[in-house]
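The structure appears below as structure tokens.
Throughout, protein chains are lettered first and strands after them, A, B, ... in sequence-line order, and every chain is numbered starting at 1.
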Amino acid sequence: MERLTITGQKLGSGFYTDPDVVGIARALLGKILWCNMDGVLSGGIITETEAYAGAEDRASHAWGNRRSGRTEVMYREGGCAYIYLCYGIHSLFNVVTGREGLPHAVLIRGVEIAGGHENVQKRLGRKIFQTKDTTGPGRVTRALGLHHSMTGTSLLGEEIWLEDHGIVIPEHQILTGPRIGVDYAGDDAALPYRFRVDNPELFENQIIKKK
DNA sequence: CGGCCGATCCACT
DNA sequence: GTGGATCGGCCGA
């Protein structure tokens, strides 16, 4: 486990506009995702991500530069949230990246709760929660209070944002593999665009104070 | 405008 | 390991 810095640094526009969405997906491991909707704060250390590489990626909602009301936010300049409803039940949270017109996004698939534990407890309706309760993209949004109605929210504002607290995941603790549930994507289904921390439970019960 | 189906999860067995 | 829940987006008629 790496040392944690006392205070974090909010990720700025430059982090999100990088055209290398796969690099960003990897770099997001260990970053803190905060949600402060309606004054209720909760946050988690990101432990699992997947990159969706825009127009060239058959697994992406923006494959072939398809546009729709839902996917429009993917084409914005990096630094906003793309949250959509999956299977009629689950809100899935993505970080939009890249320059305007480049529909890149990173799906957040797992976190370890690091702030606002009491708020998460209320949402999940249980007193104790651990890795399995916040691993899986639907569980991430349920725990943090992220909802698909919040899609398009800027990550540079005060509602949803990310911070760097100096947590560095060593290379050998990062597992890489194909993405989940993208069998329809032909050859692109095999791309190694999924990243996860080998032992996320090491981050259980962390307490990180927001900047 | 009807119908199909998905970047999932959970409660079963 | 399997099936049901549940609904908005999208495509084709």
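- B:dA7 atom C1' lies 15 Å from atom CZ of A:Phe195, rounded to whole Å.
- With hydrogens and angles disregarded, a donor-acceptor distance shorter than 3.5 Å links the side chain of A:Asp188 to the backbone of A:Arg58.
- Shown here are the side-chain contact (heavy atoms from CB on, under 4.5 Å) partners of A:Ala25, two or more places apart in sequence or in another chain: A:Thr49, A:Ala51, A:Val106, A:Phe195.
- Using a distance-only test at 3.5 Å, with no hydrogens or angles considered, no donor-acceptor pair links the side chain of A:Arg179 to the main chain of A:Arg194.
- Not a single donor-acceptor pair under 3.5 Å links the side chain of A:Asp164 to the backbone N or O of A:Gln9.
- A chain of hydrophobic side-chain contacts below 4.5 Å, direct or via other Ile, Leu, Val, Met, Phe, Trp or Tyr residues, connects A:Ile174 to A:Ile46.
- Residues satisfying the side-chain hydrogen bond (donor to acceptor under 3.5 Å, both in side chains) test with A:Tyr16, not counting sequence neighbours, are none.
- The shortest side-chain heavy-atom distance between A:Trp34 and A:Leu41 falls under the 4.5 Å cut-off.
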Test salt bridge (charged side-chain N to carboxylate O under 4.0 Å, His left out) applied to A:Glu77 and A:Arg99, step by step: CA-CA 5 Å; A:Glu77 181 173 272; A:Arg99 288 286 175 189; 3.7 Å; yes
Dot-bracket line, read 5' to 3' along DNA chain B, where crossing pairs take [ ] and | marks a partner on another strand, Watson-Crick or G-U under 3.5 Å: ||||||.|||||.
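- Judged by distance alone, the side chain of A:Thr134 and the main-chain N or O of A:Val111 form a donor-acceptor pair under 3.5 Å.
- Here A:Arg194 lies out of heavy-atom contact (under 4.0 Å) with every strand.
- By the side-chain hydrogen bond (donor to acceptor under 3.5 Å, both in side chains) test, A:Ser68 is found to be paired with A:Thr71, residues two or more places apart in sequence or in another chain being considered.
- Taking the side-chain hydrogen bond (donor to acceptor under 3.5 Å, both in side chains) definition, one finds that A:Ser149 meets it with A:His147, sequence neighbours left out.
- No side-chain heavy atom of A:Tyr82 sits under 4.5 Å from any side-chain heavy atom of A:Cys80.
- Salt bridge A:Glu163/A:Lys209: absent, no basic N to carboxylate O contact under 4.0 Å.
- Less than 4.0 Å separates DNA chain C from no heavy atom of any residue of residues 97-111 of chain A.
- For DNA chain B, the neighbouring residues in residues 131-138 of chain A, judged by any heavy atom under 4.0 Å, are A:Gly136, A:Pro137, A:Gly138.
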Working for side-chain contact (heavy atoms from CB on, under 4.5 Å), residues A:Asn94 and A:Tyr84: CA-CA 9 Å; A:Asn94 300 253; A:Tyr84 71 95; 3.7 Å; yes
Sugar-phosphate or base contact per nucleotide [nucleotides 6-13 of chain C; S, B, -; heavy atom under 4.0 Å]: BBSSSS--
Quick one: which protein N/O atoms are closer than 3.5 Å to N/O atoms of nucleotides 11-13 of chain B? Pair and distance per line, please.
none

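- For A:Arg26, the side-chain hydrogen bond (donor to acceptor under 3.5 Å, both in side chains) partners two or more places apart in sequence, or in a different chain, are A:Glu171.
- Nucleotide B:dG6 holds its P atom 17 Å from the CG atom of A:Asn94, rounded to whole Å.
- For the pair A:Arg196 CZ and B:dA7 P, the interatomic distance rounds to 20 Å; values are reported in whole Å.
- Sorted by first and then second residue, the pairs that involve residues 101-117 of chain A and meet side-chain hydrogen bond (donor to acceptor under 3.5 Å, both in side chains), not counting sequence neighbours, are A:Glu48-A:Arg109, A:Glu112-A:Thr131.
- The residue among A:Arg142 and A:Tyr82 whose nearest nucleotide of DNA chain B is located toward the 5' end is A:Tyr82.
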Stepwise side chain to side chain donor-acceptor pair (under 3.5 Å) check, A:Arg123 with A:Ser42: CA-CA 11 Å; A:Arg123 288 194 197 96; A:Ser42 46; 3.2 Å; yes
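- Remark: A:Ile180, A:Gly181, A:Val182, A:Tyr184 in residues 177-188 of chain A come within less than 4.0 Å of DNA chain B through at least one heavy atom.
- Under a 3.5 Å cut-off, the side chain of A:Lys10 and the backbone N or O of A:Gly157 do form a donor-acceptor pair.
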